[in-house]
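Beneath this line is the structure, given in structure tokens, with notes to follow.
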Amino acid sequence: MAPQYAQSLRFRLPPLLFFLQTGFIVVFIFYVDIEQNVQTKQHAFNNYYSEFQDVHVMVILGFGFLATFLVRYSFSGAGFTLLVAAMAVQWAVILNGVESMYHRGKIWINMRSLVVAEMCTASSLIAIGAVLGKTNPVHLLLIALLEISGFVLNGWLLQTFLKVQFLNTIMLLHIFGAFFGLMLSWVLYRQGSEQQHEKEKIDRKTGLFSVMGTLFLWMFWPSFNSVLVEVDHLDRGRSLRAVYSTYLALAVSAVTAAGFSVLTSPQGKLNLFHIQRCTLAGGVAIGVAMSAVHLPWVAMAIGFAAALISTLGSRYIKVRINKFLNCPWAFTISYYCFFLFQPLMLFAFECHDTCGVLSVHGLPGILGWMVQLFLQIADSDDLTTAVRFAVFHICTLLITLSLSMSLGLITGDFQQYCTYVIGVTGGLEL
């Protein structure tokens, strides 16, 4: 079958890029300035710059190479990731500085604000992974800007009304990005996507570059989880404990993913998809549960469970979805499921998750949330404190899931409007 190429973007992408970039420059001219306190700048440089480099490598090289696994989308995946990240960081700096502009009259840039902007960008790249190959750069830019807007709004709501610590809100980026992308994928679903598409093939070259992205992410993930710990905890030991816990969780996750990959393979071989992504599940889970993890064996157990869930999910979920859809009682079961896990009933709908963000980020993120809940309740001194924390913790997840899924649905509808009315099409039509 001959490939269906997208319409020319010459009259769509450049105007959008120039318009957005000009708008950002104007905002930076009038409202953005660099932190002027010399002692503050030196302290931020000493404490954040090395970690900022690590997070920057993860966002650009890690996610960029990870998006190259599709044979007919490898160059586009890497290039579009850089384009989206460059634009998303600027937008995240502006949105995160709105509160500062309200109180201080300016958006002040420092190393910490750049790190936070990079982490918000990572959330948007996770969401884009669910629709990789099905969208063009115009769509990707709009998706990233809307996702970051929702993620920043979610953090403000949690910090303002539930008094959630900033570190805990930013680490929800995995859950927010994954379910935002899943709802977006559900809206953009095309009949026949449940079958393996010839444009989803992986060869040795693209697989090698994708594994390189996994290695970058795996190596620098401890910095990703620990860079903002000192924002809420001035004790340097908390930051070091986050590094140790993340490394142990990643190590156990890599071993567990390899073992279960061979165990679940009909040919008894390693699955490249599991090696590329499921080895990172431990870092995702420990990042969400990090504030409650104090012992090494707990971090290792989290890494084991996260890799198990991620590997089994990526291996069986897509197979079971279609069988589940054919059952007449499928939606009855979905209706009567416990309300907390109702978002997981996305399995009952038609989603084509290109990069498997549900198995790699969504499920391990929810696992980390559950572990944090249980550990905090176990450490509570009295029943009232435990119940209060449980209620607030459950509300945190429900708000995050509701906002991410709602915005994902709105973004998908808006993208369909652009496709059918304005005529902006593109992607591999997966």
Side-chain angles (χ1 to χ4, degrees), residues 16-17 20-21 23-24 27-28 32 48-49 51-68 77-98 107 109-132 135 137-156 166-167 169-181 184 213 216-217 220-221 223-225 227-228 231 280 283-284 287-288 355 357 360-361 365 400 403-404 407-408 411:
L16 177 63
L17 292 177
L20 291 176
Q21 191 58 76
F24 291 163
V27 172
F28 272 69
V32 181
Y48 285 110
Y49 184 67
E51 286 85 358
F52 166 75
Q53 286 182 313
D54 296 346
V55 175
H56 195 55
V57 168
M58 285 184 63
V59 172
I60 303 301
L61 292 181
F63 285 102
F65 279 125
L66 199 64
T68 62
F80 293 166
T81 299
L82 176 60
L83 174 63
V84 170
M87 192 67 71
V89 167
Q90 302 175 61
W91 182 235
V93 169
I94 295 174
L95 291 182
N96 288 319
V98 169
I107 298 175
I109 293 181
N110 50 35
M111 292 304 303
R112 176 184 175 274
S113 64
L114 292 181
V115 170
V116 174
E118 292 275 6
M119 300 183 80
C120 294
T121 301
S123 177
S124 66
L125 295 179
I126 291 171
I128 287 174
V131 293
L132 190 69
T135 51
V138 175
H139 293 150
L140 294 180
L141 286 172
L142 297 177
I143 290 170
L145 296 180
L146 291 173
E147 198 277 344
I148 290 178
S149 302
F151 182 66
V152 173
L153 174 62
N154 181 71
W156 180 82
F166 174 77
L167 177 64
T169 61
I170 199 70
M171 282 302 165
L172 292 173
L173 64 94
H174 304 284
I175 298 176
F176 191 95
F179 284 93
F180 181 98
L184 186 61
F216 278 117
L217 293 173
F220 295 110
W221 209 290
S223 297
F224 188 84
N225 282 349
V227 61
L228 295 177
V231 174
L280 305 173
V284 173
V288 179
C355 292
V357 297
V360 181
H361 296 275
T400 301
L403 187 58
S404 64
L407 288 177
T411 305

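Annotation: side chain of Phe52 is not in contact with side chain of Val227 (no heavy-atom distance under 4.5 Å). Between Leu17 and Met87, the closest side-chain pair of non-hydrogen atoms falls below 4.5 Å. Looking at Leu16 and Leu141, their side chains come closer than 4.5 Å, going by heavy atoms from C-beta outward. For the pair Leu403 and Phe176, the minimum side-chain heavy-atom distance is below 4.5 Å.
Minimum heavy-atom separation, Leu407 to Gly150: CD1-CA, 3.2 Å. Closest of all the heavy-atom pairs between Ala88 and Ile148 is CB-CD1, 3.3 Å. Here the shortest heavy-atom pairing between Met58 and Phe220 reads SD-O, 3.3 Å. Between Leu132 and Cys355, the shortest heavy-atom contact is CD2-SG, 3.6 Å. Taking every heavy atom of both residues into account, Ile107 and Gly97 meet most closely at CG1-O, 3.3 Å. The heavy-atom pair separating Val284 from Val360 by the smallest distance is CG2-O, 3.7 Å.
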For this session: Could you check Phe80 against Thr135 for side-chain contact (heavy atoms from CB on, under 4.5 Å), going step by step and ending with a plain yes or no?
Result: CA-CA 10 Å; Phe80 293 166; Thr135 51; over 6 Å; no
Distance-only check: which donor-acceptor pairs under 3.5 Å involve side-chain atoms of residues 113-127, not counting sequence neighbours?
| unit_1 | atom_1 | unit_2 | atom_2 | d |
| --- | --- | --- | --- | --- |
| Ser113 | OG | Asn110 | N | 2.9 |
| Ser113 | OG | Asn110 | O | 2.7 |
| Ser113 | OG | Asn110 | OD1 | 3.4 |
| Glu118 | OE2 | His56 | ND1 | 2.5 |
| Thr121 | OG1 | Ala117 | O | 2.9 |
| Ser123 | OG | Glu147 | OE2 | 2.6 |
| Ser123 | OG | Leu173 | O | 3.4 |
| Ser124 | OG | Thr121 | O | 2.6 |

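Judged by the 6.0 Å and 45° rule, Arg112 forms no cation-pi pair with Tyr49.
A distance of 9.5 Å separates CG of Leu217 from CG of Leu61, quoted to the nearest 0.5 Å. Interatomic distance, Leu95 CG to Gln90 CD, rounded to the nearest 0.5 Å: 12.0 Å. Atom CG of Leu184 sits about 9.0 Å away from atom CD1 of Ile128, to the nearest 0.5 Å. Atom OG1 in Thr400 sits 14.0 Å away from atom CZ in Phe180 (nearest 0.5 Å). With rounding to the nearest 0.5 angstrom, the CE atom of Met171 is 4.5 Å from the CG atom of Asn225. One finds the CZ atom of Phe65 at 10.5 Å from the OG1 atom of Thr81 (value rounded to the nearest 0.5 Å).
Donor-acceptor pairing under 3.5 Å is recorded for the side chains of Ser149 and Trp91.
Looking only at distances, no side-chain donor or acceptor of Asp54 sits under 3.5 Å from a matching main-chain atom of Trp221. For the pair Asn96 (side chain) and Ala92 (backbone), a donor-acceptor distance under 3.5 Å is present.
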